[in-house]
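Okay, so here's the structure we're looking at.
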Amino acid sequence: MVPIQSSFGLGDALFFVPFVALAVVVFAFAGAVVYLEHRKEMALIERGQYDEASRDSRAWILGGGLLVLAIGLGSVVSALLSGGAVGDGVTAVFVGLAALAYYFYKRRAVGTTVA
């Protein structure tokens, strides 16, 4: 019978510190985004402009653009770190940037026609 050999030492624990720190940063960022979104909605409600903001049909373009950009950047970084060829990640990055550019262009065009 072979005994189980486990030597979980300080070096192994220090290996996980960056991952735990990254998780804490991600959760803190998500919490900050939720808090700021809540403050924005409360300010819109107080000014009576909440209905105008909730009828924005461009919100899916912003969300989709950010999602595709994140997927593309993740793919590019993954390919570069693994030493492989960069595949479709660059295309996804440019599609995401195009969606974001379209969103901000339309936001500016709507803002100038309303004002």
In short, ring-ring contact (aromatic ring centres under 6.0 Å, His included) pairs touching residues 17-48 with sequence neighbours left out are Phe15-Phe19
### Leu67-Tyr102 co-clustered via ILVMFWY side chain contacts under 4.5 Å
no
> Going hydrophobic residue to hydrophobic residue with side-chain gaps under 4.5 angstrom, can you get from Val95 over to Leu66?
Replying inline: no
Closest heavy-atom pair, Leu73 versus Val93, reported as atoms and distance to 0.1 Å, is N-CG2, 3.5 Å
hydrophobic_cluster_shared for Phe94 and Tyr103, side chain cutoff 4.5 Å: yes
Taken in chain and number order and not counting sequence neighbours, the residues that satisfy salt bridge (Lys or Arg N to Asp or Glu O under 4.0 Å) with Glu37 are Lys40
* **Connected via hydrophobic side-chain network under 4.5 Å: Phe104 and Leu69** => yes
Between Ala92 and Gly72, the two heavy atoms sitting closest are CB-CA, 3.6 Å
